[in-house]
Amino acid sequence: MPELPEVETIKRGLQDKIIGKVIQAIDVLGPRRLIGKREDVVGRKILAVDRRAKVLRVQLSGGTNLLFHLKMTGQLIYRPEIRNTKYEIRDSFAGGHPSHDWHADLPNSATRLVFTFDDKAKLFFNDLRMFGWCKVLTDEQVAKIFMDEYGPEPIDSDSGQALPDFTVPYLAAQAKRLPRRKIKQFLTDQKIIAGIGNIYADESLFAARISPLRPVKEISPLEWQNLRQSVVEILGLAIKNRGTTDSDYVDSEGKKGGMQNFLKVYRRDGQPCPENCGGLIERITLGGRGTHYCPACQK
DNA sequence: CCCGGCGCCTGAGGGC
DNA sequence: TGCCCTCAGGCGCCGG
């Protein structure tokens, strides 16, 4: 499930590949994934690719934008000039390459949108469960959404440092406003902090040794300091490792991430606590989300 | 304010 | 093998 590090990884990949190209066509294979008019997009040039929270923006000429949210199972996979994908796969098998990567075979049953560029390269928007979307919006609409719907970005993805708005006083002030909310739900609230989802909330809370069940009013200043630091470190590490592939996530080249090898609690219920405290990782449901933590370490 | 539940979806995985 | 059921989860929305 693409969170900040996964969308950041896709963003970087696409920046290297699609900037300067002109969108020649959009094929709509899946219903209701494209919100907006194809004709507002076709013929426009790609000026930039950026990210806010878990949202990826492709900035186009003429003050137009494509906004993507990948939700659970979304993918954005770029392929340079495809003459005939199926033939290429057949060729690779004939050449004795046994590796079978189903992402090589595009479009597939999860493909909802296909963008074709002026050099015949393609961008495939896949989304198995169809929760994701692609919206066509003006610069002003994007600016308003980015301003109104998302809290501060926690990390400068280039330097790996915390961003200036993501401070302990900010977190404490938000907590004062919503004192009874549990810390996990606080962390994953996009209006409070941008880009944290289920995986990195669990991992950050483990790193800070704070129970996901704690009401935020009980979090001490020192704990806020630790938690803020943990969020920055975990997100930074996840970006370095090109994101977590749990089920569907792949980058803009269809490659898996590496962060799943460094997760300590997420989906590790039943296993011994990695801090060797003697406890076992537990899985509970919190706010309808699977939540993984060590009840012995996390207080 | 907080929480639970539903809806949106489909494939994986368990039970029988 | 096969069928049915549940579950997974980001996020908006609704009702208690």
Side-chain angles (χ1 to χ4, degrees), chain A residues 1-8 10 28-35 51-57 67-76 102-103 105 107-113 124-135 144-146 148-151 154 172-205 211-219 235 238 243-250 256-257 260 263 265-270 281-293:
Chain A
M1 43 233 80
E3 305 180 24
L4 185 156
E6 290 75 30
V7 181
E8 177 66 25
I10 294 169
V28 179
L29 309 180
R32 298 183 301 280
R33 291 313 98 197
L34 181 69
I35 299 152
R51 178 193 60 75
R52 173 92 168 94
K54 305 175 193 174
V55 175
L56 185 109
R57 172 188 28 194
L67 230 56
F68 291 91
H69 199 308
L70 304 177
K71 296 287 178 98
M72 297 294 304
T73 58
Q75 303 172 325
L76 277 169
W102 68 273
H103 296 296
D105 195 1
N108 61 36
S109 59
T111 302
R112 311 301 175 196
L113 301 172
F124 296 88
F125 175 57
N126 295 347
D127 186 16
L128 183 65
R129 283 177 176 70
M130 295 198 278
F131 292 171
W133 41 252
C134 171
K135 296 179 181 175
K144 182 166 170 49
I145 290 167
F146 281 3
D148 294 351
E149 297 185 12
Y150 301 100
Q174 293 297 306
K176 202 159 191 175
R177 197 169 61 83
L178 308 158
R180 303 176 67 84
R181 189 176 293 192
K182 291 179 177 65
I183 184 63
K184 167 137 184 206
Q185 285 156 300
F186 182 92
L187 281 183
T188 54
D189 185 334
Q190 299 301 298
K191 287 189 176 166
I192 297 175
I193 309 166
I196 300 177
N198 210 33
I199 298 173
Y200 300 118
D202 285 2
E203 292 296 318
S204 299
L205 286 167
S211 164
L213 297 162
R214 286 267 295 286
V216 293
K217 65 167 188 256
E218 294 175 9
I219 307 277
L235 293 177
T244 297
T245 297
D246 185 44
S247 55
D248 296 87
Y249 167 72
V250 291
K256 293 179 178 183
Q260 61 277 10
L263 301 180
V265 290
Y266 184 76
R267 294 252 169 132
R268 293 192 177 276
D269 37 311
I281 304 303
E282 239 176 64
R283 182 184 188 281
I284 58 171
T285 299
L286 206 165
R289 302 287 144 333
T291 298
H292 314 76
Y293 74 114

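All chains are named by letter (A, B, ...) in the order of the sequence lines, taking the proteins before the strands, and each is independently numbered beginning at 1.
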With ring-ring contact (aromatic ring centres under 6.0 Å, His included) as the test, pick out the partner of A/His69 among A/Trp133, A/Phe131, A/Tyr150.
A/Trp133
Residues two or more places apart in sequence or in another chain: which of them pass side chain to side chain donor-acceptor pair (under 3.5 Å) with [X]?
{"X": "A/Arg180", "value": "none"}
{"X": "A/Tyr200", "value": "A/Glu6, A/Thr244"}
{"X": "A/Glu8", "value": "A/Lys11, A/Arg12, A/Arg51, A/Ser157"}
{"X": "A/Thr73", "value": "A/Asp127"}

Given that A/Ser109 and A/Arg177 both sit by DNA chain B, which one's nearest nucleotide is further toward the 5' end?
A/Arg177
Boundaries of the chain A footprint along DNA chain B (any atom under 4.0 Å from a heavy atom)
B/dC2 to B/dG11
Under the salt bridge (charged side-chain N to carboxylate O under 4.0 Å, His left out) rule, collect the residues that match up with A/Lys191, sequence neighbours excluded.
none
Not counting sequence neighbours, which residues clear salt bridge (charged side-chain N to carboxylate O under 4.0 Å, His left out) with A/Arg129? List them please.
none
What pairs with [X] under ring pair (Phe, Tyr, Trp, His ring centres under 6.0 Å), at least two apart in sequence or on another chain?
{"X": "A/Tyr266", "answer": "A/His292"}
{"X": "A/Phe186", "answer": "A/Trp224"}
{"X": "A/Phe125", "answer": "A/Phe68"}

For DNA chain B, which residues in residues 185-202 of chain A have a heavy atom at a distance below 4.0 Å?
A/Gln185
Sugar-phosphate only, base, or nothing, as touched by [X] at under 4.0 Å among non-hydrogen atoms:
{"X": "A/Met72", "result": "base"}
{"X": "A/Leu178", "result": "sugar-phosphate"}
{"X": "A/Arg289", "result": "base"}
{"X": "A/Gly290", "result": "sugar-phosphate"}

With a strict under 4.0 Å distance from non-hydrogen atoms of chain A, what nucleotide opens and what nucleotide closes the contacted stretch of DNA chain C, reading 5' to 3'?
C/dA8 to C/dC11
Is it the case that more than 12 heavy atoms not belonging to A/Lys217 sit under 6.0 Å from its NZ atom?
yes
